[in-house]
Amino acid sequence: MKHWWKHTTIYQIYPRSFQDTNGDGIGDIQGLLSRLDYLKDLGIETIWISPMYKSPGKDFGYDISDYCAIDPLFGTLDEAIELIRAVHERKMKIVFDMVLNHTSNEHVWFQESSSSISNAKRDYYIWKKGKNNQPPNNWISMVGKSGWNFDPKTNEYYYSNFLSFQPDLNYRNPKVKEEMFQVMRFWLDKGVDGFRLDIFNSIYKDEGFLDNPFSFRYLPTPDNNDEAYFQEKKHTLNLPENFELAKEVRSLTESYPHEPFLIGEVSGNDKVLKGFLGEKEDGLNLVFQFELIDFQFRADFFRKIIAKNELEFPAPFQPTYVFGNHDQKRSISKVGGDVQKAKLLAFFQLTARGIPVIYYGEEIGMLEGTVPNHKGLDPIAQQNRWVPDWLSNLLGIYLNRDNCRTPMTWDDSPNAGFTSANPWNSYSPETKLRNVKKETVDPSSLLNLYQKLLHLRKSEASLHGGSISLLEGWRDDKDILAYERIAMGSQIQVYLNFGNVGREIRFDSSQYDPLYKSNASELFLLEPYEGMLLRKK
Ligand code: NOJ
Ligand code: CA
């Protein structure tokens with residue numbers, strides 16, 4: 001289908017935590033293969049897999065030492081090719097994660113580059129002399145420290161916009177760009193359907209190395225990273241060259257007949273996000289919108305998001321709806337683990353106009369893990385191990401990403417059906433209640449709601465491709481969010497009750513048929529946190 005990515009649903013897999021098959025406690029490609037039918041039955045259309053390339057694993061795969069090899073922890077290149085084939089056989093799509101901004105410091109390029117100032121690969125990275133025994137300028141990385149790292153061997157600093165073992169590549173060197181474009185071609189030639197682009201907005205840094213201006217803002221938020229740690233990241237994030245790069249990468253993917261797509265991890269206001277998409281739909285196909293990460297469980301919060309997205313990202317652009325990922329606290333744990341509330345969030349995500357991005361485990365209401373900051377394996381947790389959990393919770397900063405990366409719970413056995421041995425990370429709480437096996441047979445489960453809505457979304461043109469408008473008469477309602485989706489031959493109304501009291505919704509049954517009700521309560525009653533779909537006759 002032309003522009004298939006405009007109608008798809010994305011499911012993110014953190015491969016370490018999905019399914020282990022060889023008993024080392026770490027998920028692997030054979031495990032992914034064994035669970036493809038689960039995803040197919042669930043109704044998922046596109047799978048995005050966090051990196052599986054060769055890596056020392058200091059940032060669990062986001063530090064890559066060879067982009068054209070699979071890490072032996074996960075399997076082999078042949079197995080990756082088999083995975084691509086098996087996904088396609090099931091009429092699904094597969095998207096790989098692509099980290100263009102930086103490599104691992106164990107990548108052969110960096111080893112060469114750091115070996116001497118005159119090395120032919122010196123210019124593959126961003127090197128600079130210090131100023132009076134200090135870093136070259138005031139640039140602070142995305143993790144809140146100077147991004148400059150001193151190298152005693154060559155007496156210069158290299159720049160990293162994330163962690164110090166992730167040196168940033170220098171895209172002002174045309175050879176670097178070409179090498180990385182070759183990497184993308186390598187995987188596109190093998191059939192991958194696109195890339196999720198890691199911190200794409202960080203790739204270019206100011207050529208003149210100007211200091212970043214002061215900002216009053218200290219802490220970043222999921223949707224605003226460009227002013228943080230008392231700095232406006234004017235010269236290190238969202239440079240105009242990044243918008244140009246988006247167009248170049250788009251031309252690369254457009255040269256493939258299978259229409260691979262790009263979804264960018266970028267942050268900034270809507271103007272910045274639009275810059276990445278390109279004025280003529282000639283940039284990244286999609287960008288993640290992180291405004292739901294800090295959602296408020298209120299009808300007007302979601303109503304405003306819809307209205308804003310219709311204004312800023314009208315068709316043919318597609319908003320994206322993201323409640324969580326491998327860097328953020330799980331959404332269900334933000335509503336106290338309440339499955340009914342999680343159902344309503346999913347109801348919104350799967351019926352609004354836009355691309356839903358589901359994080360593995362969301363569909364079974366998997367809770368956050370409980371590993372304290374000081375015990376985290378995550379390098380961000382290790383860097384902040386002195387920060388007590390009560391303090392990070394109070395400040396609303398998420399430091400130990402182990403907790404959103406716990407193993408998928410498939411059943412209620414001691415190792416949750418994930419592994420036969422010791423898992424690399426501990427399990428989330430309540431695995432006996434919240435698992436695939438139990439929820440599959442419970443018609444009222446969260447898992448069944450996902451499955452039902454994903455299939456309806458696929459079959460109803462208005463849900464996967466129609467327009468959206470807020471329903472008159474409900475625009476000021478405190479608890480009810482109501483909207484309508486319309487496409488040729490398909491018209492559906494959506495009612496979501498964010499309140500904790502039941503509400504009567506009188507609709508004209510000569511004109512509308514109830515298509516789905518999440519609690520299956522009385523016809524004209526919407527229970528607390530219940531959602532309902534009506535189809536125009
Ligand atoms: C963003 C990724 O989502 C995160 O997990 C990773 O640690 C950094 N980029 C560095 O690649
Ligand atoms: Ca394994």
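Predicted, not measured: the structure shown is a model, and the values here were computed from it.
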With the threshold set at 4.0 Å, does a side-chain nitrogen-carboxylate oxygen contact exist between [X] and [Y]?
| X | Y | result |
| --- | --- | --- |
| Asp378 | Lys58 | no |
| Glu178 | Arg185 | yes |
| Glu362 | Arg330 | no |
| Lys93 | Glu45 | no |

Do Glu312 and Lys274 pass the salt bridge (Lys or Arg N to Asp or Glu O under 4.0 Å) test, and can you show the C-alpha distance, the side-chain angles, and the key distance before you say yes or no?
CA-CA 8 Å; Glu312 301 289 348; Lys274 286 198 270 190; 2.7 Å; yes
Would you check if the side chain of Asn149 reaches a backbone N or O of Tyr157 as a donor-acceptor pair within less than 3.5 Å?
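Checked: no pair found.
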If you take the centroid of each ring, where Trp contributes its six-membered ring, are [Y] and [X] closer together than 6.0 Å?
| X | Y | answer |
| --- | --- | --- |
| Tyr67 | Phe186 | no |
| His326 | Tyr62 | yes |
| Phe214 | Phe216 | yes |
| Trp139 | Tyr159 | yes |
| Trp48 | Phe288 | yes |
| Tyr14 | Tyr359 | no |

Phe18 vs Tyr360 aromatic rings, parallel, tilted or perpendicular, using cut-offs 30° and 60°?
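If you compare the ring of Phe18 with that of Tyr360, the planes turn out perpendicular.
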Going by the angle between their ring planes, with limits at 30° and 60°, are Trp187 and Phe96 parallel, tilted or perpendicular?
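Tilted.
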Using the side-chain contact (heavy atoms from CB on, under 4.5 Å) rule, take Glu363 and Leu42 through it: C-alpha gap first, then chi angles, then the decisive distance, then the call.
CA-CA 9 Å; Glu363 76 276 25; Leu42 184 57; 4.0 Å; yes
Kindly determine whether Asp226 and Lys233 satisfy salt bridge (Lys or Arg N to Asp or Glu O under 4.0 Å), including the steps that lead there.
CA-CA 5 Å; Asp226 41 1; Lys233 311 276 185 73; over 6 Å; no
Between [X] and [Y], is any pair of side-chain heavy atoms under 4.5 Å apart?
| X | Y | value |
| --- | --- | --- |
| Leu32 | Asp28 | no |
| Ile44 | Ile358 | yes |
| Ile94 | Ile49 | yes |

Quick check on side chain to side chain contact (heavy atoms under 4.5 Å, CB included): which of Leu286, Leu277, Thr320 does Phe313 satisfy it with?
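Single pass found, and it is Leu277.
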Using the salt bridge (Lys or Arg N to Asp or Glu O under 4.0 Å) rule, take Glu241 and Lys205 through it: C-alpha gap first, then chi angles, then the decisive distance, then the call.
CA-CA 9 Å; Glu241 293 91 326; Lys205 272 60 73 171; over 6 Å; no
Identify, with sequence neighbours excluded, every residue that meets side chain to side chain donor-acceptor pair (under 3.5 Å) alongside Glu232.
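Testing Glu232 for side chain to side chain donor-acceptor pair (under 3.5 Å), a comparison that skips the adjacent residues, returns none.
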Take Asp198 and Arg196 through the salt bridge (Lys or Arg N to Asp or Glu O under 4.0 Å) test and state the conclusion after the steps.
CA-CA 6 Å; Asp198 190 73; Arg196 174 264 183 189; 2.8 Å; yes
